[in-house]
Amino acid sequence: MNFWLFKSEPSVYSIDDLKRDKSTPWEGVRNYQARNFLRDTVKNGDLVLFYHSNAEPPGVAGIARIVKEGYFDPHAFDPKSKYFDEKSKKDNPAWYLVDVGFVEKFDQVISLPMLKGTKGLEEMMVTKRGARLSIQPVTKAEWDIVLKLAGAKLAVK
DNA sequence: GCCAACGTTGGC
DNA sequence: GCCAACGTTGGC
């Protein structure tokens, strides 16, 4: 069981959109490091901090869960898609998707300043300068701290 | 809207 | 393989 932080701009796709949709393919990852996580490490049942970037305030808005682990991104093969990538071949796909399911929306966004000010989260990628990676691993200890901050209903196991 | 950080591209 | 140019991310 792994823990992650996935970033999304709420103007594009927010925790409320996920709540409405129940689950969604996590589209548009076009960064190789993030791709490697989606292809190799993100597994069914893994838990995800849903992070709102370019938001007011930026921060963790809720929890999601991996409901379908890495599979080829069909959009990369489709010339009409904005995610088309001619370098991605069917016998050697460049890009992968996972599906995430809605678990919980926090009553209050755990803002980036709050994360930065919390003991135990100093090493969390998202709190570091220039942490642009859109798929980030989170430790169990960090996960527990964020859920405690949120007063999350999901039991910390 | 600004701009620092940083990933990618492409000429050489 | 170096590195300048360029594009994107994302906090502020």
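A note on names: the letters A, B, ... follow the listed sequences, proteins ahead of strands, and every chain is numbered from 1. In what follows, every heavy atom counts, from backbone to side chain, and hydrogens, waters and symmetry copies are set aside.
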Notebook entry, point to check: Does the ring center of A:Tyr51 lie less than 6.0 Å from the ring center of A:Phe6?
Noted result: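 No, they do not, as the ring centres are separated by 6.0 Å or more.
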
Notebook entry, point to check: Within a reach of under 6.0 Å around CD of A:Gln108, are more than 12 heavy atoms found that belong to other residues, nucleotides or ligands?
Noted result: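 No - once you tally the heavy atoms of other residues, nucleotides and ligands closer than 6.0 Å, there are 12 at most.
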
Next item on the list: Would you indicate whether A:Lys19, at its atom NZ, is surrounded by more than 12 heavy atoms from other residues, nucleotides or ligands within a distance under 6.0 Å?
Entry: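 For A:Lys19, atom NZ is not crowded (no more than 12 foreign heavy atoms under 6.0 Å).
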
Mind listing the N/O atom pairs, protein and nucleotides 10-12 of chain C, below 3.5 Å?
residue	atom	partner	partner atom	Å
C:dG10	OP1	A:Lys7	NZ	2.8
C:dG10	OP1	A:Arg132	O	2.7
C:dG11	OP1	A:Tyr51	OH	2.8
C:dG11	OP2	A:Asn54	N	3.0
C:dG11	N7	A:Asn54	OD1	3.4
C:dC12	OP1	A:Lys116	NZ	3.4

Next item on the list: For a side chain to side chain contact (heavy atoms under 4.5 Å, CB included) with A:Phe37, tell me which candidate from A:Leu133, A:Asn31, A:Val29, A:Asn2 qualifies.
Entry: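 Only one option passes, and that is A:Leu133.
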
Item checked: Presence of salt bridge, A:Lys140 and A:Asp144, under 4.0 angstrom ->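 Answer for the salt bridge query: yes.
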
Notebook entry, point to check: Is any NZ, NE, NH1 or NH2 atom of the basic residue among A:Arg35 and A:Asp73 found under 4.0 Å from an Asp or Glu carboxylate oxygen of the other?
Noted result: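 No salt bridge links A:Arg35 with A:Asp73.
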
Between N or O atoms, less than 3.5 Å apart, protein on one side and nucleotides 4-6 of chain C on the other: list the pairs.
none

Notebook entry, point to check: What residues, two or more places apart in sequence or in another chain, satisfy side chain to side chain contact (heavy atoms under 4.5 Å, CB included) together with A:Tyr71?
Noted result: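 A:Tyr71: side chain to side chain contact (heavy atoms under 4.5 Å, CB included) contacts with A:Pro25, A:Lys68, A:Leu97, A:Asp99.
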
